[in-house]
Amino acid sequence: MKILVINSGSSSLKFQVIDSDTEQVLVRGVCERIGIDGRFTYKPHGGVAVSAAPVAMENHTQAVNVLMEALVDEKNGIIRDFSEIDVIGHRLVHGGEKFTGSVVITDQVIEAMTECNDLAPLHNPANLVGVDACRKLMPDTLMVGVFDTAFNQTMEPKAFLYGLPYRYYEKYKIRRYGFHGISHKYVSRRAAEFMGQDIRRVKTIVCHLGNGASISAVRFGKVVDNSMGFTPLEGLVMGTRSGDVDPGALEFLARKENLDFKQIMAILNQESGVLGISRNLSSDFRELKNAEIKYNDKAALAREIFAYKVAKYVGSYAAAMNGVDNIVFTAGVGENDSDMRQEICGYLEFLGITIDEVKNRDQGEAVRISTGTSRVNVLVVRTNEELEIAREAAAMAESLKGV
Ligand code: ADP
């Protein structure tokens, strides 16, 4: 089967067409810097990367149109007609408690997801725009939604409940859901496979550090905790999101600046994180690094706060699991920013971690960057949410055939 996987994120839209029988990627690509100065790159299997100059991509609808045209492009396309795509698998971020596994996308599912938009204001609308654009172009193609919240459903009440009156959980299901589950699942398993370990016997901390960032504790293949919460706002300091903040500070700010909740949420989601700390210099860690080299103290501070917060979560998750075997870095920053990894691991020497500085600069699909004598394995694993989604979508299509 040919599966088109759409991963429509906050600032980027990644796509792949995967042959589910061979797990071969037929084409992969990414629309980046959506809403900034759109970049579109894609690479057909065995072909050369096609890297277009900046493309007008003001929103996700335009991004989907750009990639669809590339798929059927006469010269570099991989299909002649959209009917060659058997299934479309969509990464969907927040399903509340309505969705605990993958689903066939129907009008009802879209309606139910729209109701969850408030829970993930940066993501769910972006996901739905991707779904909508695909349905318009390929109305007869099976579409499967794979939720980012599903893998985290193994969290116990002691991890997912807030210190709020219990009735609010009963009444509104206010609890921590955790996100990036597709990535945490793939990466924790791939790390164990790479190390020749049985996933049912290892304790892993996955640091998914991208524009959105989260950390998970995965004990014996099941999620014990995840740094994101009721929405993907909780936890680490991120590109534009604040992460953990004392709600008392927000009430104080609202009073001082005469802001309502909507305005406060916009500040927390879009104006905070390393963008806000760096005085709006950038939410892009590459740009912050370049500014830091030029002695921009706020860029340096933003990166320092980010690293410190990651290290604190790793330490607490080692406690939550009463030990850790593998610490794995993944996503844009985790996979590419060796200085950031070095800085984070500097805080973790108490766990017996030592990093091989040469290996830390290696690039690869999976690399062990800790020394042979390090008490904990530290790895960099390229996340592959698309493959995980393709597997789920193919399994769903197969199960429907049997009906
Ligand atoms: P998302 O999917 O949440 O948009 P990504 O996982 O694509 O996020 O990560 C995007 C982030 O990764 C950006 O902040 C970008 O600056 C950072 N990044 C990508 N490459 C590098 C690099 N070589 N060095 C440092 N940061 C990088």
Side-chain angles (χ1 to χ4, degrees), residues 5-16 28-41 57 59-60 63 90-94 120-127 130 148 179-184 186-187 206-215 227-228 231-233 235-241 243 269-270 272-278 280-293 299-300 302-307 310 328-344 360-364 367 380-386 388-389:
V5 176
I6 302 278
N7 181 356
S8 185
S10 51
S11 70
S12 63
L13 189 148
K14 297 170 191 155
F15 71 94
Q16 291 187 9
R28 71 173 83 226
V30 61
C31 305
E32 285 177 294
R33 298 174 66 90
I34 298 170
I36 310 173
D37 56 356
R39 304 268 163 82
F40 177 58
T41 316
M57 243 185 261
N59 52 43
H60 289 73
H90 288 273
R91 173 184 177 225
L92 303 177
V93 169
H94 204 320
L122 286 185
H123 292 93
N124 273 24
N127 293 163
D148 238 357
F179 295 88
H180 289 144
I182 301 163
S183 175
H184 288 291
Y186 176 83
V187 169
V206 178
C207 304
H208 178 110
L209 310 179
N211 193 36
S214 67
I215 303 197
S227 61
M228 285 179 164
T231 72
L233 183 54
L236 302 171
V237 165
M238 308 180 211
T240 64
R241 278 171 264 168
N269 275 307
Q270 284 134 36
S272 300
V274 292
L275 175 74
I277 296 167
S278 68
N280 287 334
L281 186 70
S282 182
S283 61
D284 188 311
F285 282 77
R286 281 167 291 201
E287 287 177 13
L288 291 175
K289 189 152 68 176
N290 290 337
E292 185 179 8
I293 292 164
R303 286 176 58 86
E304 189 183 13
I305 291 172
F306 181 83
V310 171
V328 198
F329 289 98
T330 194
V333 180
E335 290 167 26
N336 297 300
D337 197 332
S338 52
D339 293 342
M340 183 60 79
R341 292 195 297 260
Q342 183 90 40
E343 192 170 336
I344 293 164
N360 187 30
R361 305 215 170 256
D362 277 1
Q363 296 276 336
V367 181
V380 179
V381 170
R382 225 173 262 157
T383 191
N384 200 338
E385 290 164 298
E386 288 76 10
E388 197 66 45
I389 293 165

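All figures in this text were calculated on a predicted structure; none of them were measured in a lab. Order of listing sets the numbers, starting from 1, for every ligand and every atom in it.
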- Message: Quick check: do I344 and M340 have side-chain heavy atoms less than 4.5 Å from each other?
- Response: yes
- Item | Residue-ligand contact A213/ligand 1, heavy atom below 4.0 Å | no
- Task: Describe, in one word, how the ring planes of H184 and H208 are oriented to each other, choosing from parallel (under 30°), tilted (30 to 60°) and perpendicular (over 60°).
- Result: tilted
- Given side chains that start at C-beta, do those of L275 and N280 come closer than 4.5 Å, heavy atoms only? yes
- Item | Any S12 heavy atom less than 4.0 Å from ligand 1 | yes
- Task: Number the atoms of ligand 1 from 1 as they appear, then name those within less than 4.0 Å of a heavy atom of F285, with their elements.
- Result: 14 (O), 16 (O), 26 (N)
- Message: If the cut-off is 4.0 Å to any non-hydrogen atom of S283, which atoms of ligand 1 fall inside it?
- Response: 14 (O)
- Query: So, does K14 sit close enough to ligand 1 that a heavy atom of it is under 4.0 Å from the ligand?
  - Reply: yes
- Note on the structure: Heavy-atom proximity to atom 5 (P) of ligand 1 ranks first, among S8, G332, G273, for G332
- Query: Quick one: does R303's side chain get under 4.5 Å of D337's, heavy atoms only?
  - Reply: yes
- Message: I'd like to know if D339 and R361 make a salt bridge, using a cut-off of under 4.0 Å between side-chain N and carboxylate O.
- Response: yes
- Test item: L209 and F306 side chains (from C-beta on) under 4.5 Å apart, heavy atoms: yes
- Query: Side chain or backbone of M340 under 4.0 Å from ligand 1, or both, or neither, by non-hydrogen atoms?
  - Reply: neither
- Under 3.5 Å between some N or O of ligand 1 and some N or O of L209? no
- Which residue from D337, L275, D284, D339 reaches closest to atom 16 (O) of ligand 1 through any of its heavy atoms? D284
- Report yes if the side chains of T330 and Y186 come closer than 4.5 Å at any heavy-atom pair, otherwise no. no
- Does any N or O atom in G210 lie less than 3.5 angstrom from one in ligand 1, N or O only? no
- When you check the gap from the basic side-chain N to the acidic O, do E287 and R33 get nearer than 4.0 Å? yes
- Heteroatom distance test (H208, ligand 1): nitrogen or oxygen, under 3.5 angstrom: no
- Check each atom of ligand 1 against the heavy atoms of G212 and keep those under 4.0 Å away; list them by number with element. 3 (O)
- Message: Please check whether A331 reaches ligand 1 - meaning an N/O of the residue sits under 3.5 Å from an N/O of the ligand, judged on distance alone.
- Response: no
- Item | Presence of salt bridge, E386 and R28, under 4.0 angstrom | no
